[in-house]
Amino acid sequence: MTKGKISVQTENIFPIIKKFLYSDQEIFLRELIANAVDATSKLKTMAGRDEVKGEIGDTTIEIILDKPAKTITIRDKGIGMNESEVEKYLNQVAFSSAEDFIKKYKDEASIIGHFGLGFYSAFMVADKVEVVTKSYKKSSAVRWICDGDPEYQIEKAETKPRGTDVILHVSDDATEFLEEGRIETLLNKYCKFLPIEIKFGTKTETSFEGEGEDQKEIKTEVDNIVNNPNPAWKKSPRSLKDEDYKSFYNELYPYSKPPLFWIHLNIDFPFNLTGILYFPKLNNNFEVSKNKIHLYSNQVFVTDEVKEIVPEFLTMLHGVIDSPDIPLNVSRSYLQSDSNVKKITGYITKKVAEKLAKLFKKDRQDFESKWSDLGIFVKYGMISEEKFYDKAEKFVLLETVDGEFSTIEEYKEKIKATQTDKHGKIIMIYTNNPTEHDSFIQSAKNRNYQILKFDTVIDNHFMQQLEQKLGDVTFVRVDSDIVDNLVQTDEVKESVLSEKAQEKIKELFTAEVGTSGGSVETKAMSPEDLPVVITRPEFMRRMMEMQKMQGMDTGAFPETYNVVVNTNHDLIANKLVGMKKTEKKTAFVKHLYNLALLNQGMLKGADLTKFINSSIDFLK
């Protein structure tokens, strides 16, 4: 038996390892199984070159739980090690890399992955680690033991098959990892698609023999293989059918709705990247889905927090990205400046844009039918990524309240004759709620105006983006002004009332509106338009909505609205003007004002109750 001391400057690095990575304590299993996969993959590679004598046989990796003995064993049948290799790899290389890792990143607030820590992550959950290993080359089996300090011992071990057993004697503060359910969860999370089969105990499979009354149930104990070693993203796209992609999506996200479509990523130059990205059914829902993109490195799960790897708008997609070229053992700030990561980001954005453009050209009708799911994704991408905007401008769709779709250029051409204002701007009229704005929409339609539907949470930002990019377009909500002012022209309508009569009308309504935030004005409108209309100025309302979306306090922006009285309507020009009694005029003005509030959904609570009761009394 050989004893020794690992030569490091840090006298006891093990407590530092435990403390530094405590929040990610569970990654020990990923690290140790990844090592076992590497050892097995190396053996297969060498066997393929005839560097290993005879058949290599079964290469399944086993995870063995012994709760009474408080041990977890990770067993592989890979290349194994002889005594000199144990000395080299466990006592020098592995430990020095762990120490370097701690020194380099001890001040980082957040770490993605911890590759490089490798073997010594075992001490995050164990106070004693044994390694029993036998090389594929002719040599004796070796046992290495360390109790969580720089002291270690190496001795000859009983004869064992080729490969390595890493035996963790679990510490008292990590006994949760002795629970079968906990290990199953970790294996499903980190090892679901590792390229070597992984066995965790056995499971019972039921089959039936015979038919009818003679049918017998047969139960068989079989190996519980927890992973799929050959996932869809590692296969050639040509070998996969639609059902294969849908089946893999269900494997990733059980019980989720089927995806709309997908993109198979496959590139090996100038960087290595494979994966499948799925477009989920969003239904105009901007909230983050529980189904996230999973990031893998050589089929080892790393994280589902991928904002530094893909543009933020692409995090709305689901699926898998696998790349060994992403430096997973460094901080997020480093990732943001890494050239490989930037190239990968650009590549994924390009592929997504190309896929959407292809679908648009191939079957526009089908593309339009999916717009309720695609729209919010495309708009978000155009807002947040310049390169995506340049490509998406050609296939982003604008939808009218009548369910008609147009590209930006198509829509501009369609409305420019009737909706170009006196300054040469094309006015795009929209609503965020067709039901509530129905009376405004009907008035606009009577002028032969088209009305767009913008009802997602990011549409304010999207409209502002288009206004800045296009230059010749302005968006106005259908209730932002009276219909005659939505598209400003030099045409002036004459009022049937004198200026003096108009002033008296304004005074009556001002007294009723009071200090509620409304500003009263009289306008000469069409007799067919409503007698009183409440409008909400576009700029202030849009500012408030954008601030509200960003979680900012909108108290500094009290709600403002205009109460516009149509002096050409019969109820104003004749009935109201012709009334003699002040009480009757006041009641009439109050009723008209309440109708306007009701039309905008602004009459609520006690005021709404009073209005309903007074309307019932009027009908008696």
Side-chain angles (χ1 to χ4, degrees), residues 26-67 69 71-81 85 118-119 121-122 129-137 141-143 157-168 177-207 219-235 248 251 296-301 322:
E26 65 184 36
I27 64 141
F28 80 93
L29 193 61
R30 178 190 71 182
E31 293 291 323
L32 297 177
I33 293 177
N35 284 350
V37 168
D38 286 344
T40 308
S41 298
K42 285 174 183 174
L43 180 76
K44 287 188 171 185
T45 300
M46 294 167 74
R49 297 173 181 170
D50 293 327
E51 295 177 20
V52 179
K53 292 180 180 179
E55 296 293 324
I56 61 173
D58 177 36
T59 57
T60 304
I61 294 167
E62 290 184 64
I63 312 302
I64 303 163
L65 203 59
D66 188 338
K67 193 171 182 179
T71 63
I72 303 170
T73 301
I74 295 89
R75 173 175 293 163
D76 71 62
K77 303 176 183 73
I79 56 175
M81 293 179 283
E85 287 168 335
F119 170 73
S121 62
V129 176
E130 291 182 66
V131 176
V132 182
T133 182
K134 185 176 188 300
S135 174
Y136 75 98
K137 295 177 281 191
V142 177
R143 183 188 306 275
E158 306 83 20
T159 302
K160 74 176 290 294
R162 173 204 69 226
T164 301
D165 288 6
V166 178
I167 305 161
L168 312 182
F177 298 107
L178 292 171
E179 299 298 329
E180 189 174 312
R182 184 76 168 102
I183 296 298
E184 278 182 350
T185 300
L186 296 183
L187 290 172
N188 186 59
K189 178 178 180 179
Y190 291 114
C191 308
K192 196 171 185 176
F193 300 109
L194 282 173
I196 307 295
E197 283 193 347
I198 299 169
K199 174 188 171 184
F200 182 49
T202 61
K203 61 182 178 180
T204 305
E205 287 189 350
T206 304
S207 60
K219 293 189 175 182
T220 311
E221 285 293 307
V222 298
D223 288 348
N224 180 29
I225 304 300
V226 299
N227 60 320
N228 172 3
N230 193 24
W233 83 80
K234 299 299 287 185
K235 298 176 182 177
F248 181 61
E251 191 175 350
Y296 287 78
S297 179
N298 287 327
Q299 295 175 244
V300 180
F301 176 78
D322 188 342

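Sequential numbering from 1 along the given sequence is applied to the chain's residues.
- In this structure a side-chain-to-backbone donor-acceptor pair under 3.5 Å is missing from Arg162 to Ile79.
- Remark: the backbone N or O of Thr40 is not paired with any side-chain donor or acceptor of Asp76 at under 3.5 angstrom.
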List the steps and the verdict of side chain to side chain contact (heavy atoms under 4.5 Å, CB included) for Arg30 and Lys189. CA-CA 9 Å; Arg30 178 190 71 182; Lys189 178 178 180 179; over 6 Å; no
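- Listed by chain and number, the residues in a side-chain contact (heavy atoms from CB on, under 4.5 Å) with Pro161 amount to none (sequence neighbours excluded).
- Two residues are said to be in side-chain contact when any heavy atoms from C-beta on lie closer than 4.5 Å; Thr60 and Ile196 fail this criterion.
- Taking the ring centroids of Phe193 and Phe248, they lie under the 6.0 Å cut-off.
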Between Asn227 and Glu197, does a side chain to side chain donor-acceptor pair (under 3.5 Å) hold up when you go through it step by step? CA-CA 6 Å; Asn227 60 320; Glu197 283 193 347; over 6 Å; no
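- The shortest distance between side-chain heavy atoms of Leu168 and Phe177 does not fall below 4.5 Å.
- Rounded to the nearest 0.5 angstrom, Ile56 CD1 and Lys77 NZ are separated by 11.5 Å.
- Between Ile33 and Leu194 the shortest side-chain heavy-atom distance falls below 4.5 Å.
- The OG atom of Ser121 sits 4.5 Å away from the CG atom of Leu32 when rounded to the nearest 0.5 Å.
- Listed for the Lys192 side chain is a donor-acceptor partner under 3.5 Å among the backbone atoms of Glu251.
- Put simply, the side chain of Glu179 does not reach to within 4.5 Å of the side chain of Glu184, judged on heavy atoms.
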Ile167 vs Val132, test: side chain to side chain contact (heavy atoms under 4.5 Å, CB included). Steps then yes/no. CA-CA 8 Å; Ile167 305 161; Val132 182; 4.2 Å; yes
Can you list the steps and then say if Lys44 with Thr59 is a side chain to side chain contact (heavy atoms under 4.5 Å, CB included)? CA-CA 9 Å; Lys44 287 188 171 185; Thr59 57; 3.5 Å; yes
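- Taken to the nearest 0.5 Å, the CZ atom of Arg182 stands 11.0 Å off from the CG atom of Leu187.
- Between the side chain of Gln299 and the backbone N or O of Pro229 there is at least one donor-acceptor pair closer than 3.5 Å.
- Using a distance-only test at 3.5 Å, with no hydrogens or angles considered, no donor-acceptor pair links the side chain of Lys219 to the main chain of Glu205.
- Rounding to the nearest 0.5 Å places CD1 of Ile64 at 6.5 Å from CG of Asp165.
- Between Lys67 and Glu180, none of the side-chain N atoms (NZ, or NE/NH1/NH2) sits under 4.0 Å from a carboxylate O, so this pair counts as no salt bridge.
- Here the closest heavy-atom approach between residue Thr164 and residue Gly80 is recorded as OG1-CA, 3.7 Å.
- Ring geometry for Tyr190 against Phe301 counts as tilted: the plane angle lies between 30° and 60°, on a 0 to 90° scale.
- Between the Thr133 side chain and the Met81 main chain, a donor and an acceptor come within less than 3.5 Å of each other.
- The closest side-chain heavy-atom distance from Leu29 to Ile183 is below 4.5 Å.
- Listed by chain and residue number, nothing satisfies the side-chain hydrogen bond (donor to acceptor under 3.5 Å, both in side chains) test with Lys203 (two or more places apart in sequence, or in another chain).
- Side-chain atoms of Glu31 and Asn35, non-hydrogen and from C-beta on, never get closer than 4.5 Å to each other.
- In this structure, Asn224 contributes its side chain and Phe200 its backbone to a donor-acceptor pair below 3.5 Å.
- Annotation: side chain of Leu65 is not in contact with side chain of Thr71 (no heavy-atom distance under 4.5 Å).
- Expressed to the nearest 0.5 Å, how far CD1 of Ile198 lies from CG of Asn228 amounts to 11.0 Å.
- Counting non-hydrogen atoms of neighbouring residues, nucleotides and ligands closer than 6.0 angstrom, the CD atom of Glu55 reaches no more than 12 such neighbours.
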Go through Lys199 and Ile61 one step at a time and tell me if the side chain to side chain contact (heavy atoms under 4.5 Å, CB included) criterion holds. CA-CA 6 Å; Lys199 174 188 171 184; Ile61 294 167; over 6 Å; no
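- Note: Ile63 CD1 to Cys191 SG = 7.0 Å, rounded to the nearest 0.5 Å.
- With respect to Glu85 and Lys137, a salt bridge is recorded, a charged nitrogen being found less than 4.0 Å from a carboxylate O.
- Side-chain contact between Leu43 and Val52 is present, with heavy atoms from C-beta onward closer than 4.5 Å.
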